[in-house]
Amino acid sequence: MIYPIVLYGDPVLKKRAKDIPHGEDIKELVADMFDTMYAASGVGLAAPQIGKSIRIFVVDDRPMMEEDEEGIKKAFINPEILEEDGEPWAFEEGCLSIPGIREDVKRKPFVKIRYYDEEWNEHIEEFDDIHARVIQHEYDHIEGILFTDYITSFKKRLIKGKLANISKGKVDADYRVKVPIKR
Ligand code: CO
């Protein structure tokens with residue numbers, strides 16, 4: 001099943017997501033999240049972006065890799081970042097929930113993370129470079145943080161109108177979206 005992607009302005013994107021009960025069958029959800037991500041040509045997708053405030057995200061960054069590099073394809077369930085390290089580096093990020101906006105974000109290049117896979121096996125792994133960045137971006141989603149939260153107030157003013165349009169559903173996206181409910 002392919003879910004519509006929740007757009008900027010929906011309160012679910014600003015909420016800290018809850019742990020998934022250990023052992024719950026999440027295989028179908030993981031498969032659906034990968035399908036949803038691929039349908040939108042994304043390299044990462046977190047559950048709040050399909051309207052679910054639970055701690056899971058999927059990553060497949062292989063499309064971002066050069067020929068000689070290996071990408072990662074993984075589901076991260078109830079993850080916890082244990083360590084972030086290194087000199088922060090800037091990279092232009094985008095987000096399926098914020099179509100049409102890309103901005104430089106500084107992040108540390110190294111991350112150590114504990115998580116469960118869809119079989120509920122526990123892993124502690126280290127990632128660097130682009131892999132770390134995608135993981136940090138998706139992890140932020142389950143913490144209720146968006147990449148636009150990091151940009152300067154000056155830049156934020158420049159994109160204010162665009163963000164307002166996104167929250168009203170005025171977007172140019174080639175995937176299904178869910179327009180935030182105004183309350
Ligand atoms: Co995102």
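Whatever order the structure lists them in is the order used to number ligands and atoms, beginning at 1. No experiment lies behind these values; they were computed from the predicted model shown.
Judged as a salt bridge (charged side-chain N to carboxylate O under 4.0 Å, His left out), and not counting sequence neighbours, the contacts of K74 are E125.
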Stepwise side chain to side chain contact (heavy atoms under 4.5 Å, CB included) test for K156 and L163:
CA-CA 9 Å; K156 191 118 190 202; L163 289 174; 4.1 Å; yes
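Using cut-offs of 30° and 60° on the angle between ring planes, the pair W120 and Y116 is tilted. Ring-plane geometry between Y115 and H123 is classed as parallel, the angle between the planes falling under 30 degrees on a 0 to 90 degree scale with a further cut at 60.
Judged by distance alone, the side chain of Y175 and the main-chain N or O of L96 form a donor-acceptor pair under 3.5 Å.
Using a cutoff of 4.0 Å between basic side-chain nitrogens and carboxylate oxygens, R133 and E93 are scored as salt-bridged.
Of all protein N, O or S atoms, those under 2.8 Å from the Co ion (ligand 1) number 3.
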